[in-house]
Amino acid sequence: MEIDVKNLNLAFGERVIFDNINFKLVDKSRTGLVGNNGAGKTTLLKVISGELEPDSGVIEKSKNLKLGYLPQDLIELEPVPVMQFLKDRAGISELELKLRESELKLSDKSLLRDNKLLDNLLKGHAELTRRFETAGGFAFESMALKVLKGLGFSQSDADKNCKDFSGGWKMRILMSALLLSNPDVLLLDEPTNHLDTESMEWLESWLRSYQGAMLTVSHDRRFLENMTSQTFDLSRGKITIYPYGYERYLIAKTQSQEQLAHEAESQKRQIAKLELFINRFRYKATKAAQVQSRLKQLDKINIIELDSAEKSVKFKIPEAEQSGWEVIKASNLSKNYDDLRVFSDINFVLNRGERVALVGVNGAGKSTLLRLLSLSEEPSSGVIKYGHNVKAAFYSQESALNLNYENTIWQEANEARSKLNASERRSLLGAFLFSGDDIYKKIAILSGGEKARLALFKLMLEETNLLILDEPTNHLDYETREVVERALLQYSGTLLIVSHDRHFLDILAERVLEIRNGKLYDYPGNYSWFLEKREELLETEHQNLNLNLNIKNNSRNDKLIERQERQRILNETRGLRKNISELESKINKLESGQAQIDLDLCSPEVLSNSQKVQELMQQRNFNAKELEQAYADWENLNYELENYK
């Protein structure tokens with residue numbers, strides 16, 4: 001399976017988006033699509049998916065190619081239960097309906113008198129059954145629950161209505177549907193935007209075993225490095241193909257640009273030399289032939305065009321007077337919302353100059369804890385104490401609500417208290433993707449992402465010695481993220497950051513706090529070190545059957561306790577495991593029975609006996625219902641066994 005893009009051209013008015021683009025996506029290829037904001041990355045995915053038509057060019061796709069596209073923008077989902085939505089998108093619902101209609105026809109006695117019609121019905125039913133099995137219909141719900149769990153949903157979420165979820169969770173539902181449909185080619189536009197780090201790691205694990213081709217746009221450098229083996233660089237309407245993952249691509253592009261700059265300089269000298277000769281001897285008859293020769297040389301030169309160099313914005317976050325050594329002390333913190341306990345008994349201290357990442361799955365309470373620590377919200381119990389001379393600033397996605405919507409961007413930028421002059425403010429606004437006449441737009445008409453960027457811009461002008469940042473890199477492109485990274489690395493105050501950008505966390509964090517199951521775990525190292533140590537901790541907990549055993553020095557007594565605990569669980573789950581074994585035997589028997597019935601229904605001898613056909617169809621329908629219930633029981637029993645304590 002492959003997609004072959006030939007001579008693709010597209011322009012929006014005078015602005016050229018694609019200028020004679022050519023490339024191929026072949027089976028199992030892993031490609032990252034990169035380029036500056038506005039280069040046309042999302043547009044290219046839309047063109048390949050068929051959502052947009054190019055001005056000219058051809059996109060050839062293999063016959064029967066199944067393409068899956070995850071858009072970047074939030075979309076509304078049908079107001080149906082999540083599992084129903086997943087079945088609808090994977091084509092399972094349609095096949096189930098056709099199978100029920102086929103079985104209903106086959107059970108109609110009046111139709112069974114016509115052997116030719118019966119034969120056609122049976123053939124159609126057999127084909128539907130084959131398609132249903134090929135599509136993974138019999139095990140679909142089990143697989144769907146695994147995908148949903150990997151993307152952060154609970155088992156009960158499968159029965160909830162799609163309309164009841166927030167925008168970010170709706171994108172996860174859409175991603176689940178896309179993965180379960182198992183397309184030949186995946187087009188992913190910012191797939192990690194709405195995922196926490198644990199869900200990202202699960203997605204990467206799933207994609208490693210995915211057998212199709214993938215083309216992805218992502219601002220997540222770690223995702224691109226982990227998941228891609230070649231890079232398409234979209235710039236000035238052209239695509240340059242680099243046969244490397246993201247980090248090697250960056251090196252290769254820098255080298256290529258340097259080489260191109262040398263060639264451009266050499267070409268510039270050559271042109272200057274030719275023009276000097278032409279201008280000097282243009283009007284001398286004796287030199288006319290030589291002048292004409294050089295004019296022809298000039299005409300043949302293809303001017304080397306260099307990408308406009310990105311302005312390197314240097315910015316230092318203004319800092320308040322130094323705080324005391326102990327910046328924040330949290331003692332016995334708990335937070336409840338009615339009957340929902342988010343976390344309890346949390347204790348830690350942040351010291352001056354520490355750069356700390358706060359991590360955890362979605363819903364663990366990261367943003368809640370940041371609101372408590374910023375004093376924006378009260379804890380249910382416990383105490384938060386700020387140290388001497390602490391001057392804090394808090395950024396969250398809600399920070400945009402504090403902007404004056406009647407102002408223009410430039411007015412809002414000027415109202416921020418800062419020592420930067422007008423030129424420096426303009427330069428920094430440009431780094432935050434506000435440039436030209438855009439700075440005179442009213443804030444009221446900006447998108448949510450633009451408002452969030454402007455709020456972050458304003459916060460970074462404040463004099464502080466403690467920054468509490470909740471997802472500061474959302475809505476930022478590569479270059480702006482680097483501006484923010486550099487500024488935060490130079491910041492000597494204290495940082496507490498929540499971010500799903502793993503590269504960002506790895507560069508900045510020197511300590512990681514994880515909220516897991518309502519408790520806080522402290523890892524004194526960077527994000528990569530945290531991942532390694534957390535894996536070890538989870539493995540240890542798994543080996544200890546998730547019990548809080550106080551193992552000391554591997555003493556005989558501790559080993560005995562561990563063996564006794566394992567034996568206790570084995571004894572107490574014996575009945576459970578017996579039921580699972582019996583269910584598996586029942587499922588095997590029912591599946592074998594169904595296979596035999598399908599075989600019998602293809603027999604001419606059986607087909608000639610309408611009564612026999614009806615009996616077999618009734619038995620098949622009964623077996624199908626029994627199988628459906630057996631699959632559900634098996635799933636529930638295994639879930640109970642896996643979570644037994």
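Note that the coordinates shown come from a computational prediction; the quantities given were computed from them, not determined experimentally.
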With a 3.5 Å distance limit and no angle check, can you tell me whether T231 reaches the backbone of Y244 through a side-chain donor-acceptor pair?
yes
Taking atom types as modelled, find out whether S205 and R208 have a side-chain donor-acceptor pair closer than 3.5 angstrom.
no
E378 atom CD, neighbour heavy-atom count above 12 within 6.0 Å:
no
Can we say K170 and E76 salt-bridge, meaning some charged N sits less than 4.0 Å from an Asp/Glu carboxylate O?
yes
Apply the test salt bridge (Lys or Arg N to Asp or Glu O under 4.0 Å) to residues R222 and D506: give CA-CA distance (whole Å), side-chain angles for both, the deciding distance (0.1 Å), then the verdict.
CA-CA 10 Å; R222 182 71 62 87; D506 230 6; 2.5 Å; yes
Worked check of side chain to side chain contact (heavy atoms under 4.5 Å, CB included) between L467 and L488
CA-CA 9 Å; L467 286 176; L488 291 176; 3.9 Å; yes
So, T216 versus S218: side-chain donor-acceptor pair below 3.5 Å or not?
no
For M83, does the CE atom sit with more than 12 other heavy atoms under 6.0 Å from it, leaving out its own atoms?
yes
Please identify which of these residues, R172, K366, R502, meets the salt bridge (charged side-chain N to carboxylate O under 4.0 Å, His left out) condition with D196.
R172
Given 3.5 Å as the limit, does a donor-acceptor pair link the side chain of E471 with the main chain of L469, or not?
no
Pair N402-S399, side-chain donor/acceptor within less than 3.5 Å:
no
For R221 and E247, run salt bridge (Lys or Arg N to Asp or Glu O under 4.0 Å): C-alpha distance rounded to whole Å, both residues' side-chain angles, the deciding distance at 0.1 Å, then the answer.
CA-CA 8 Å; R221 291 178 59 160; E247 296 299 334; 3.4 Å; yes
Evaluate the ring planes of W206 and Y210, with Trp represented by its six-membered ring, and classify them as parallel (under 30°), tilted (30 to 60°) or perpendicular (over 60°).
parallel
Kindly indicate, with the supporting measurements, whether the criterion salt bridge (Lys or Arg N to Asp or Glu O under 4.0 Å) is fulfilled by E321 and K391.
CA-CA 8 Å; E321 185 181 340; K391 189 173 182 182; over 6 Å; no
